[in-house]
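Before any comments, here is the structure.
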Amino acid sequence: MAHRYEDLRSAVLGGRDRGSRHGWAVLARSGMAAWIKAVARIPVPPTAVRHQPPEPLAVADELVEVLALMAWTAAGGCRSG
């Protein structure tokens with residue numbers, strides 16, 4: 001709830017949509033208790049899980065291995081004989 005209030009406060013003070021998307025009218029007209037009841041009914045959107053890309057070093061190591069194997073194979077690989 002505190003997070004939603006801080007979102008409202010930031011929107012109002014920052015001039016973004018004047019807090020209309022965060023229940024500013026309810027808070028201003030009916031007070032904090034009414035705002036809490038109204039906001040409690042609004043579902044919280046799920047937090048997006050961001051996929052972390054692999055570390056560049058790990059990708060570079062794999063790329064070096066693949067290129068080395070390709071070069072070694074193209075050169076004839078291991079010929080014993």
- Message: Distance check, rounded to the nearest 0.5 Å: Trp24 atom CH2 versus Trp35 atom CH2?
- Response: 11.0 Å
- Note on the structure: OH of Tyr5 to CG of Leu27, rounded to nearest 0.5 Å, is 7.0 Å
- Query: Taking Leu67 as the fixed residue, which of Leu69, Val64, Leu63 is the one that meets the side chain to side chain contact (heavy atoms under 4.5 Å, CB included) rule?
  - Reply: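 Considering Leu69, Val64, Leu63, a side chain to side chain contact (heavy atoms under 4.5 Å, CB included) with Leu67 is found only for Leu63.
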- Message: A quick test of your reading: do over 12 heavy atoms of other residues, nucleotides or ligands sit less than 6.0 Å from CE of Met70?
- Response: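 No.
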- Contacts of Arg9 that satisfy salt bridge (Lys or Arg N to Asp or Glu O under 4.0 Å) - sequence neighbours left out: Glu6
- Message: Looking at every heavy atom in both Ala40 and Arg4, which two are closest together, and how far apart are they?
- Response: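 Taking every non-hydrogen atom into account, N-NH1, 4.4 Å.
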- Those residues that, when tested against Ala38, pass side chain to side chain contact (heavy atoms under 4.5 Å, CB included) (two or more places apart):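 In terms of side chain to side chain contact (heavy atoms under 4.5 Å, CB included), with neighbours along the sequence ignored, Ala38 is linked to Val26.
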